[in-house]
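Some notes on the structure that comes next.
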Amino acid sequence: MEKPTNYKSPVAALLWSFALPGFGQFYNGDYLLGFLFMALELTINHQSRLNLAIIYAFQENFENGHHVINYEWGMFYPSVLCFCLWQAFNRAKEINWHLEQKGVSPPKNKVSLTGVLFGQVIGMNFGFYWHHFFFYEKFGMLRFLDIPVLNAFVFGLIFSFMGYGIEKFFRSSKKAKLN
């Protein structure tokens with residue numbers, strides 16, 4: 001693997017991975033990893049029938065969305081997505097650090113967004129699997145959350161903020177101990 005010679009935007013890498021897991025790795029020049037993540041995403045998406053459930057959600061046909069989705073496969077999707085986001089973001093930061101330091105290896109504790117993306121994985125898995133226990137059909141305004149994919153994104157967002165808060169707390173307490 002040749003060393004990248006151009007600056008890589010961590011946010012662009014994150015957004016490319018959000019568009020399709022593996023694209024952020026392509027952006028960073030990690031082609032083998034990109035193909036692996038893309039193959040994982042396509043396999044999980046196909047086996048879980050996630051896109052079909054999303055189509056039913058847009059048609060407000062929530063009952064069919066519940067019946068077509070394969071939860072055993074669908075539970076892998078948030079983990080693959082969030083790991084791709086995390087890896088692409090931090091790899092871009094590592095590339096930039098190497099460019100600035102002219103080849104000196106970075107310190108091991110320079111990763112970011114760990115709490116956010118771990119929170120997102122937990123929240124998305126929680127929302128994806130447990131969506132049908134919240135009885136959203138009784139709440140007219142929240143009916144869209146009755147579909148597993150949308151509920152997973154909402155819970156993922158909530159848990160992301162919680163993960164960010166936890167990560168920030170631990171980083172500030174670590175800095176306080178060092179001072």
Side-chain angles (χ1 to χ4, degrees), residues 1-55 57-58 69-70 73-128 147-168 170-171 174:
M1 178 196 298
E2 70 181 62
K3 292 200 181 252
T5 58
N6 296 336
Y7 170 81
K8 300 294 181 180
S9 168
V11 173
L14 182 102
L15 292 175
W16 275 113
S17 276
F18 186 74
L20 184 70
F23 278 13
Q25 285 70 26
F26 289 146
Y27 172 78
N28 287 333
D30 298 329
Y31 300 108
L32 183 63
L33 199 55
F35 281 116
L36 174 71
F37 287 145
M38 188 184 300
L40 269 173
E41 193 279 339
L42 293 173
T43 301
I44 293 168
N45 198 322
H46 175 72
Q47 292 293 329
S48 66
R49 297 183 295 276
L50 196 58
N51 286 344
L52 189 55
I54 292 171
I55 289 170
F58 284 133
I69 201 158
N70 181 338
W73 276 94
M75 293 295 286
F76 289 110
Y77 194 86
S79 299
V80 170
L81 173 66
C82 292
F83 181 76
C84 286
L85 296 171
W86 178 85
Q87 194 277 339
F89 182 87
N90 284 293
R91 176 71 175 127
K93 286 179 60 176
E94 179 186 14
I95 289 168
N96 296 337
W97 193 89
H98 277 288
L99 292 173
E100 291 171 5
Q101 300 300 318
K102 296 182 177 90
V104 180
S105 58
K108 298 283 186 211
N109 60 354
K110 290 290 184 181
V111 295
S112 298
L113 296 181
T114 304
V116 171
L117 294 173
F118 270 103
Q120 188 175 17
V121 167
I122 293 167
M124 287 177 78
N125 279 325
F126 178 78
F128 184 76
I147 197 72
V149 175
L150 297 176
N151 197 43
F153 278 117
V154 169
F155 273 90
L157 186 63
I158 292 167
F159 277 68
S160 290
F161 284 115
M162 291 169 56
Y164 173 76
I166 292 168
E167 181 179 14
K168 192 172 181 177
F170 280 114
R171 284 183 189 255
K174 184 177 178 180

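Below, each value reflects all heavy atoms present in this structure, side chains not excepted, and no hydrogens, waters or symmetry copies. Numbers here simply count residues along the sequence, with the first being 1.
- Between atom CZ of residue Phe83 and atom OG of residue Ser79 there is a gap of 11.0 Å, rounded to the nearest 0.5 Å.
- Nearest heavy-atom pair, Ile69 versus Ala53, reported as atom, atom and distance to 0.1 Å: CD1-CB, 3.9 Å.
- By the 4.5 Å heavy-atom criterion applied to side chains, Leu99 and Ile95 are counted as neighbours.
- A side-chain donor-acceptor contact under 3.5 Å links Lys8 to the backbone of Tyr27.
- The distance between the ring centers of Phe35 and Phe26 falls below 6.0 angstrom.
- At least one side-chain heavy atom of Trp73 sits less than 4.5 Å from a side-chain heavy atom of Thr43.
- In terms of heavy-atom proximity, Ser48 sits nearest to Gly74 at CB-N, 3.5 Å.
- Heavy-atom minimum distance, Leu81 versus Ser17: CD1-O, 3.9 Å.
- Side-chain contact between Met38 and Leu20: present, with at least one pair of heavy atoms (C-beta onward) separated by less than 4.5 Å.
- The distance from the CG atom of Asn28 to the CG atom of Asn90 is 10.0 Å, given to the nearest 0.5 Å.
- Closest of all the heavy-atom pairs between Trp16 and Phe23 is O-CB, 3.2 Å.
- Atom CZ of Phe89 sits about 8.5 Å away from atom OG of Ser9, to the nearest 0.5 Å.
- Once rounded to the nearest 0.5 Å, the distance linking CD of Gln47 with CZ of Arg49 reads 8.0 Å.
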Trace of the side-chain contact (heavy atoms from CB on, under 4.5 Å) decision for Gln87 with Gln25: CA-CA 8 Å; Gln87 194 277 339; Gln25 285 70 26; 2.7 Å; yes
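- For Gly123 against Phe155, the heavy-atom pair with the smallest separation is O-CB, 3.1 Å.
- Without hydrogens or angle criteria, Asn45 side chain to Glu41 main chain gives no donor-acceptor distance under 3.5 Å.
- The side-chain heavy atoms of Asn96 and Pro10, taken from C-beta on, include a pair separated by under 4.5 Å.
- With values rounded to the nearest 0.5 angstrom, Phe159 atom CZ is found 5.0 Å from Met162 atom CE.
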